[in-house]
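The basis for the numbers below is simple: all heavy atoms, side chains too, and nothing from hydrogens, waters or symmetry mates. Positions are given from 1 along the sequence.
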Amino acid sequence: MEITATVTAIGPHAISQTDPLVILFGKDATPELADVSVIQQFDEPSQQKQLALHHGDHIFINDIKFRVSEVGSLTNANLQQIGHATLMFQPVPSEDRLGNAVYLVPTARPTFTIGTTIRYVMQD
């Protein structure tokens with residue numbers, strides 16, 4: 001299954017040159033959250049409820065392929081309800097894993113712009 005979202009806004013504090021993460025939120029993010037987030041809007045909102053990422057799935061950001069190496073325990077519920085996840089472009093730590101993270105490989109963070117396409121590709 002494949003679910004697609006488009007970046008509609010990028011908060012002024014969303015992208016750090018030093019932090020290896022990007023916070024995603026849906027269109028209903030509060031102004032405080034939108035300030036530090038990349039806002040995504042699902043192309044087919046009804047499909048958002050079916051979004052369930054697992055180890056080995058893929059996320060394509062502007063056609064750059066990333067493999068999901070770990071999914072936090074809260075991630076799928078938050079993606080389904082409010083479009084929220086933290087994309088982590090770093091190796092999975094042995095401790096202190098974020099409950100709302102999606103750890104991705106490779107770890108080079110891509111560029112996000114308004115109009116960036118995010119494709120969630122889940123194995124059947």
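Judged purely by distance below 3.5 Å, without hydrogens or angles, the side chains of T4 and D43 never pair a donor atom with an acceptor atom.
Here D28 pairs with nothing under the side chain to side chain contact (heavy atoms under 4.5 Å, CB included) rule; sequence neighbours left out. Under the ring pair (Phe, Tyr, Trp, His ring centres under 6.0 Å) criterion, F112 pairs with no residue, sequence neighbours left out. Residues satisfying the salt bridge (charged side-chain N to carboxylate O under 4.0 Å, His left out) criterion with R119, sequence neighbours excluded, are E2, D63. With sequence neighbours excluded, the residues forming a side chain to side chain contact (heavy atoms under 4.5 Å, CB included) with Q48 are F42, listed by chain and number.
Under a 3.5 Å cut-off, the side chain of R109 and the backbone N or O of S16 do form a donor-acceptor pair. Looking at N78, its side chain never comes within 3.5 Å of a backbone N or O of H84 through a donor-acceptor pair. Using modelled atom types, no side-chain atom of D35 and backbone atom of G11 make a donor-acceptor pair closer than 3.5 Å. Formation of a donor-acceptor pair under 3.5 Å by the E70 side chain with backbone atoms of V102 is not found in this model. Checking side-chain atoms of H13 against main-chain N and O of V36 turns up no donor-acceptor pair under 3.5 Å. Y103 contributes a side-chain N or O that, together with a main-chain N or O of L98, makes up a donor-acceptor pair within less than 3.5 Å.
We find the CG-CG distance between N100 and L74 to be 6.0 Å, quoted to the nearest 0.5 Å. Taking CD1 of I118 as the start and CG of N62 as the end, the distance is 8.5 Å to the nearest 0.5 Å. Of the inter-residue distances, the one linking K49 atom NZ with Q80 atom CD reads 7.5 Å to the nearest 0.5 angstrom. Distance check: I82 CD1 to T30 OG1 gives 9.5 Å after rounding to the nearest 0.5 Å. Summarising the geometry, atom CE belonging to M122 is positioned 3.5 Å from atom CD1 belonging to I3; distances are rounded to the nearest 0.5 Å. Summarising the geometry, atom NZ belonging to K27 is positioned 12.0 Å from atom CD belonging to Q40; distances are rounded to the nearest 0.5 Å.
The two residues A34 and A29 make their nearest non-hydrogen contact at N-CB, 4.2 Å. The two residues Q90 and P20 make their nearest non-hydrogen contact at OE1-CG, 3.1 Å. The minimum heavy-atom distance linking P110 with F66 is given by the pair CD-CZ, 3.6 Å. Residues V92 and S69 share a closest heavy-atom pair of CG2-OG, 3.5 Å. Contact between T75 and A85 at its shortest, heavy atoms only, is CG2-CB, 4.0 Å.
Taking hydrophobic clusters as Ile, Leu, Val, Met, Phe, Trp and Tyr residues chained together by side-chain heavy-atom distances below 4.5 Å, Y120 does not share a cluster with I23. Under a hydrophobic-cluster definition in which Ile, Leu, Val, Met, Phe, Trp and Tyr are linked whenever side-chain heavy atoms come within less than 4.5 Å, directly or via other members, F89 and I64 are assigned to the same cluster. Criterion: ILVMFWY side-chain heavy atoms under 4.5 Å apart, direct or through other members. Under it, I39 and L87 are not part of a common hydrophobic cluster. The hydrophobic clustering, which links ILVMFWY residues whose side-chain heavy atoms are closer than 4.5 Å, places F25 and V71 apart.
When each of T116, V7, T117 is checked for a side chain to side chain contact (heavy atoms under 4.5 Å, CB included) with I61, only T116 meets the rule. With respect to L104, the side chain to side chain contact (heavy atoms under 4.5 Å, CB included) criterion is satisfied by exactly one of V22, L21, I59: I59.
F60 belongs to a hydrophobic cluster whose other members, connected by ILVMFWY side-chain contacts under 4.5 Å either directly or through intermediates, are V121.
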I15 and I10: CA distance, side-chain angles, deciding distance, side-chain contact (heavy atoms from CB on, under 4.5 Å) verdict
CA-CA 8 Å; I15 307 294; I10 299 173; 4.2 Å; yes
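Among pairs with a residue in residues 79-90, none fulfils salt bridge (charged side-chain N to carboxylate O under 4.0 Å, His left out), at least two apart in sequence or across chains.
Put simply, the side chain of H54 does not reach to within 4.5 Å of the side chain of Q123, judged on heavy atoms.
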